[in-house]
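Heads up: the structure comes next, in structure tokens.
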Amino acid sequence: MRSNDWKTKFREVLTDWYRRERRDLPWRRTCNPYWIWISEVMLQQTRVDTVIPYYLRFTERYPTMEDLAYAPEQELMKNWEGLGYYSRVRNLQAGVREAYETYGEVPADPERFRKLKGVGPYTAGAVMSIAFGIPAPAVDGNVMRVLSRVLLIEEDIAKPKTRKIFEAAVMDLIDRDDPSSFNQGLMELGATVCTPTRPKCLLCPVREWCGAYHEGREESLPVKSKKKKQETVPQTVIAVKSPDGRWLLEQRPDDGLLAGMWQFPTAETGDPAEAVRQITERHRLDLGPLKEAVRFKHIFTHRIWEVEAFEATSSAVGVPSGRSGWFLPEEINSLTLPNPTKKVRDAVIGG
DNA sequence: AACCCGGGGAG
DNA sequence: CTCCCAGGGTT
């Protein structure tokens with residue numbers, strides 16, 4: 001069980017385990033604070049295997065803060081395309097530019113770094129501890145799961161204020177000689193051993209000090225309330241082709257869901273006839289008969305799109321505006337497209 | 001505090 | 001299907 005100085009042993013065993021067993025990941029081969037910052041933003045709500053190719057491309061394309069700070073928005077979005085949460089990359093660029101212009105580098109100061117755009121409590125703690133060895137808490141979902149089990153913390157981890165409890169716990173436990181290995185050790189443990197379901201307790205280096213393991217409660221922690229389920233929204237897409245082989249695309253509003261990204265004409269209705277009315281009105285078209293192209297569901301965090309896509313030819317080609325235009329297939333690929341639009345594109349044009 | 005914002009993998 | 005994931009911004 002827990003001896004009086006169990007915390008000392010806990011941090012020793014955890015950091016030793018991490019230094020020995022850690023996965024070899026691209027962002028663990030650098031001590032460049034800016035590159036580590038990029039990796040932490042990409043890893044927000046996104047899996048390691050997904051991030052790796054994006055991280056490699058991004059650090060090659062934007063090797064210095066200056067390169068990213070003044071990169072063209074459209075090109076930046078293109079390099080983020082498919083990663084999701086597109087405000088992350090806009091905020092990252094704003095934060096990097098601010099840091100570059102104010103400090104000329106990533107500030108090695110948690111309070112200054114935390115003030116930058118897109119840097120929240122987690123990212124601040126992660127970058128400061130990993131890049132500079134500053135003892136700061138980096139509490140993500142993994143850390144809350146691991147510590148809720150080790151310390152038998154029963155607060156609802158879905159509630160915002162619960163994070164502070166875990167930050168205090170981390171500051172009580174953290175290895176001040178190696179905050180980087182301590183924080184990453186907690187996260188690595190959560191990712192590979194102390195998993196949400198069926199944790200591998202027999203492989204766990206710290207099970208000796210784990211309250212949940214001793215009480216056989218590892219499967220019932222952490223406590224997490226359910227969020228309400230998403231609403232379903234019908235989307236009727238009409239991929240409109242002109243007689244000379246161009247396709248009509250429209251740009252989404254600059255705010256909100258999939259801000260600024262391009263799509264085939266879309267109406268929020270499950271009724272094709274209503275969609276035709278809205279889209280012909282919006283783009284001044286004269287549509288031929290609809291041909292069913294593809295039907296699928298697209299899941300967002302708080303919404304589900306039920307997409308039904310058709311293909312049609314228009315004899316009238318309307319007036320292109322700043323937010324819509326007629327594009328050849330190869331031109332479409334240079335626009336920033338959300339995944340649902342890519343699916344429709346592949347169905348009507350071919351991947 | 002509640003809500004918004006993507007996408008992919010596991011079971 | 002459901003749940004989860006190296007979260008932050010806005011209101």
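Excluded from the calculations below are hydrogen atoms, water molecules and symmetry mates; all remaining heavy atoms, backbone and side chain alike, are included. Note on naming: letters A, B, ... go to the chains in the order of the sequence lines (proteins, then strands), and numbering restarts at 1 for each one. Here the structure is a predicted model, which means the values were calculated and not measured.
Residue A:L221 is found in a hydrophobic cluster whose other members, listed by chain and number, are A:L152, A:V223; membership requires side-chain heavy atoms under 4.5 Å apart, directly or through intermediates. Grouping Ile, Leu, Val, Met, Phe, Trp and Tyr by side-chain contacts under 4.5 Å, direct or through others, puts A:Y213 with A:L202.
For the OP1/OP2 pair of C:dA6 and a distance below 4.0 Å, the side-chain nitrogens and oxygens of A:N183 include no atom meeting the criterion. Between A:K117 and C:dT10 there is a side-chain N or O to OP1 or OP2 distance below 4.0 Å. Close to C:dT2, at under 4.0 Å from its OP1 or OP2, lies no side-chain N or O of A:K224.
Interface residues of residues 75-88 of chain A facing DNA chain B, ordered by number: A:G82, A:L83, A:G84, A:Y85, A:Y86; criterion, heavy-atom separation under 4.0 Å. Residues of residues 139-152 of chain A that place a heavy atom closer than 4.0 Å to DNA chain B do not occur. A heavy atom closer than 4.0 Å to some atom of DNA chain C occurs in A:E40, A:L43, A:Q44, A:Q45, A:R47, these being the qualifying members of residues 34-51 of chain A. Less than 4.0 Å separates DNA chain C from at least one heavy atom of each of the following residues of residues 123-135 of chain A: A:T123.
Within 4.0 Å (heavy atoms only), A:R23 reaches at least one base atom of the nucleic acid. No contact: A:R163 has no heavy atom under 4.0 Å from any strand. Nucleic acid contact class of A:K159 (heavy atoms, under 4.0 Å, all strands): none. Within the 4.0 angstrom heavy-atom criterion, only backbone atoms of the sugar-phosphate kind lie near A:K297; the bases stay farther away.
When distances are taken from the side chain of A:E188 to each of B:dG6, C:dC5, C:dA6, the shortest belongs to C:dA6. Side-chain proximity of A:P121 to C:dC4, C:dA6, C:dG8: nearest is C:dG8.
Screening residues 40-74 of chain A for ring-ring contact (aromatic ring centres under 6.0 Å, His included), with sequence neighbours left out, gives A:W27-A:Y55, A:F58-A:Y62, A:F58-A:W80.
Summarising the geometry, the separation between CG on A:L92 and C1' on C:dG7 is reported as 14 Å, rounded to the nearest angstrom. Rounded to an integer number of Å, the gap from A:Y122 OH to C:dG9 C1' is 18 Å. Counting to the nearest Å, the P atom of B:dG8 and the CZ atom of A:F296 are 12 Å from each other. For the pair A:M187 CE and C:dC5 C1', the computed distance is 13 Å after rounding to whole Å. Rounding to whole angstrom units, NZ of residue A:K342 and C1' of B:dG6 are separated by 12 Å. Rounded to whole Å, atom C1' of B:dG6 lies 11 Å from atom CH2 of A:W305. Between the NZ atom of A:K161 and the P atom of B:dA2 there is a distance of 11 Å, given to the nearest Å. The distance between atom CD1 of A:I304 and atom C1' of B:dC5, rounded to the nearest whole Å, is 15 Å.
For A:Y122, the side chain to side chain donor-acceptor pair (under 3.5 Å) partners are A:E40, not counting sequence neighbours. By the side chain to side chain contact (heavy atoms under 4.5 Å, CB included) test, A:Y85 is found to be paired with A:Q45, A:R88, A:T301, residues two or more places apart in sequence or in another chain being considered. A:N183 is linked by a side chain to side chain donor-acceptor pair (under 3.5 Å) to A:S129, counting only residues two or more places apart in sequence or in another chain. Partners of A:R29 under the salt bridge (charged side-chain N to carboxylate O under 4.0 Å, His left out) rule, at least two apart in sequence or in another chain, are A:D24. Contacts of A:K291 classified as salt bridge (charged side-chain N to carboxylate O under 4.0 Å, His left out), with partners at least two apart in sequence or in another chain: none.
When all heavy atoms are compared, the tightest approach of A:K297 to A:I304 is CD-CG2, 4.4 Å.
Between A:H283 and A:S314 there is no side-chain heavy-atom pair separated by less than 4.5 Å. Contact check for A:K343 versus A:V294: no side-chain heavy atoms found under the 4.5 Å cut-off. Side-chain atoms of A:P199 and A:E219, non-hydrogen and from C-beta on, do get closer than 4.5 Å to each other.
Nearest-nucleotide assignment on DNA chain B puts the 5′-proximal partner with A:H298, out of A:H298 and A:R198. Each of A:G118 and A:L25 was assigned the nucleotide of DNA chain C with the nearest heavy atom; the assignment lying further toward the 5' end belongs to A:L25. When each of A:A259 and A:T197 is assigned the nucleotide of DNA chain B bearing its nearest heavy atom, the one mapping closer to the 5' terminus is A:A259.
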side-chain hydrogen bond (donor to acceptor under 3.5 Å, both in side chains) between A:Y18 and A:E188, intermediate numbers included:
CA-CA 7 Å; A:Y18 175 73; A:E188 187 80 348; 5.8 Å; no

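Looking at A:S181 and A:D178, their side chains do bring a donor and an acceptor atom within 3.5 Å of each other.
To the nearest whole angstrom, the two P atoms, one in C:dT11 and one in B:dG6, are 16 Å apart. Comparing the same atom, P, in B:dG11 and in C:dA6 gives a spacing of 14 Å after rounding to whole Å.
In this structure, CZ on A:F113 lies 7.0 Å from OG1 on A:T123, to the nearest 0.5 angstrom.
The closest donor-acceptor contact from the side chain of A:E218 to the backbone of A:R149 lies at 3.5 Å or more, if one exists at all.
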